[in-house]
Amino acid sequence: RRVHGWKKLNHDEIRAIYRESFAYNFTEFGQPTGMWKGVLGVVLACSSVAVFYYTALKYFLLPPPPFTVNDDWRDAALYKQIKMKHNVVTGLSSKWDYENERWK
């Protein structure tokens, strides 16, 4: 039918040929497809796998933190710096009152 010319075809035949050649018309082209739901699902699935992997590594494979991270160790190191008068002019020791044994 395409060979004989467009003027010999009626309106429905022209529309059928157009639909055969082009999948969408202009108004259908701008309609949302719902593909964002699949993309969001894949992103959330990948994020949950990454969080699970991080949690498993942290709790089962990594060694415990060193003892120097402990609060008692940090307080003892600070007290040692104060007693040694480390950086008395501008450091932490400058904020310590040596006569009253407390912070200024």
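These numbers come from the heavy atoms of this one structure, side chains and all, not from hydrogens, waters or symmetry mates.
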Legend entry - Straight-line distance of I17 CD1 to L9 CG, nearest 0.5 Å: 5.0 Å
Legend entry - Distance (rounded to the nearest 0.5 Å) between K95 NZ and T90 OG1: 8.0 Å
Legend entry - Ion pair R74/D71, N-O distance below 4.0 Å: yes
Inset, instruction - Can you sort out the partners of F67 under ring-ring contact (aromatic ring centres under 6.0 Å, His included), two or more places apart, ordered by chain and number? - result: W73
Would you say that more than 12 heavy atoms from the other residues, nucleotides or ligands in this model lie under 6.0 Å from the [atom1] of [X], or not?
{"X": "Y18", "atom1": "OH", "value": "yes"}
{"X": "R19", "atom1": "CZ", "value": "yes"}
{"X": "W36", "atom1": "CH2", "value": "no"}

Inset, instruction - Mark yes or no for whether K104, through its side chain, and S94, through its backbone, hold a donor-acceptor pair below 3.5 Å. - result: yes
Inset, instruction - Could you tell me whether a side-chain N or O of Y98 sits under 3.5 Å from a main-chain N or O of I82, the two making a donor and an acceptor? - result: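 Between the backbone of I82 and the side chain of Y98 there is a qualifying donor-acceptor contact (under 3.5 Å).
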Inset, instruction - Start with the C-alpha gap between E101 and W96, add the side-chain angles, then the distance that decides, and say whether side chain to side chain contact (heavy atoms under 4.5 Å, CB included) holds. - result: CA-CA 7 Å; E101 294 289 324; W96 183 258; 3.8 Å; yes
Legend entry - Non-hydrogen atoms of Q81 and S93 that approach each other most closely: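 Taking Q81 first and S93 second, the nearest heavy atoms are O-OG, 3.4 Å.
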Inset, instruction - Tell me, please, which residues at least two apart from P65 pass side-chain contact (heavy atoms from CB on, under 4.5 Å). - result: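 With neighbours one apart ignored, the set is empty.
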Legend entry - Any side-chain heavy-atom pair of C46 and V42 under 4.5 Å: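 Yes. Closest side-chain heavy atoms under 4.5 Å.
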